[in-house]
Amino acid sequence: METAAVLPALMVVLAAGLWAVAAVEAQLECVDAARAGARAASRGEALERVRGGVLAVAPAGARVVVTRSAEVARVEVSVSVRPRWGASLPSVTVRAAAMSATEPGVMSVTEPGEE
């Protein structure tokens, strides 16, 4: 009888844990993508190419903003994470940003929009 009472609570705890793992995984992917993009942008790669590379590494549905000045290149990645098993549940937005010093001789260009 006690097992029947505890099982629903155990399932809720398990579901919350799986959702947390998915959010942490998305956060780590955003961090990796932002760092790789900042390094590429600081070397002077075209910003559209940097954005494409970041989107290839970032989780599906991610939004990317790439900016570069004479001093620093910055990449911001964000994505909404929703549990696959609970489409009606609210999403959690995870974000990551990385900056890298722009190499000498790289022109200053700022990307106007985000995707």
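Position 1 is the first residue of the sequence; numbering continues from there. Quick caveat: nothing in here was measured; it's all calculated off a predicted structure. No hydrogens, no waters, no symmetry mates; every other heavy atom, side chains included, goes into these values.
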Trainee: Just how far is it from atom CZ of Arg39 to atom CD of Glu45, taken to the nearest 0.5 Å?
Mentor: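 Spacing of CZ (Arg39) from CD (Glu45) equals 11.0 Å.
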Trainee: Looking at every non-hydrogen atom in both residues, tell me the closest pair between Ala62 and Leu55 and how far apart they are.
Mentor: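 It is O-CD2, 3.7 Å.
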Trainee: Report whether Val65 and Met99 are members of the same hydrophobic cluster (ILVMFWY, side-chain heavy atoms less than 4.5 Å apart, transitive linking).
Mentor: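 Shared cluster, no.
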Trainee: Would you please test Ser80 and Arg63 for side-chain contact (heavy atoms from CB on, under 4.5 Å) and show each step?
Mentor: CA-CA 9 Å; Ser80 293; Arg63 293 172 300 281; 4.0 Å; yes
Trainee: With a 3.5 Å cut-off and sequence neighbours excluded, list the donor-acceptor pairs that the side chains of residues 10-38 form with protein atoms.
Mentor:
unit_1	atom_1	unit_2	atom_2	d
Gln27	NE2	Arg95	O	3.1

Trainee: Could you please spell out the steps behind the side-chain contact (heavy atoms from CB on, under 4.5 Å) verdict for Leu47 and Arg68?
Mentor: CA-CA 8 Å; Leu47 295 184; Arg68 180 171 50 211; 3.7 Å; yes
Trainee: I would like to know whether Glu71 and Thr102 meet side-chain contact (heavy atoms from CB on, under 4.5 Å); could you show each step before the answer?
Mentor: CA-CA 5 Å; Glu71 294 84 29; Thr102 304; 5.8 Å; no
Trainee: Of the options Thr93, Val64, Val94, which is the one that meets Val79 in a side-chain contact (heavy atoms from CB on, under 4.5 Å)?
Mentor: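 Of the listed residues Thr93, Val64, Val94, the side-chain contact (heavy atoms from CB on, under 4.5 Å) partner of Val79 is Val94.
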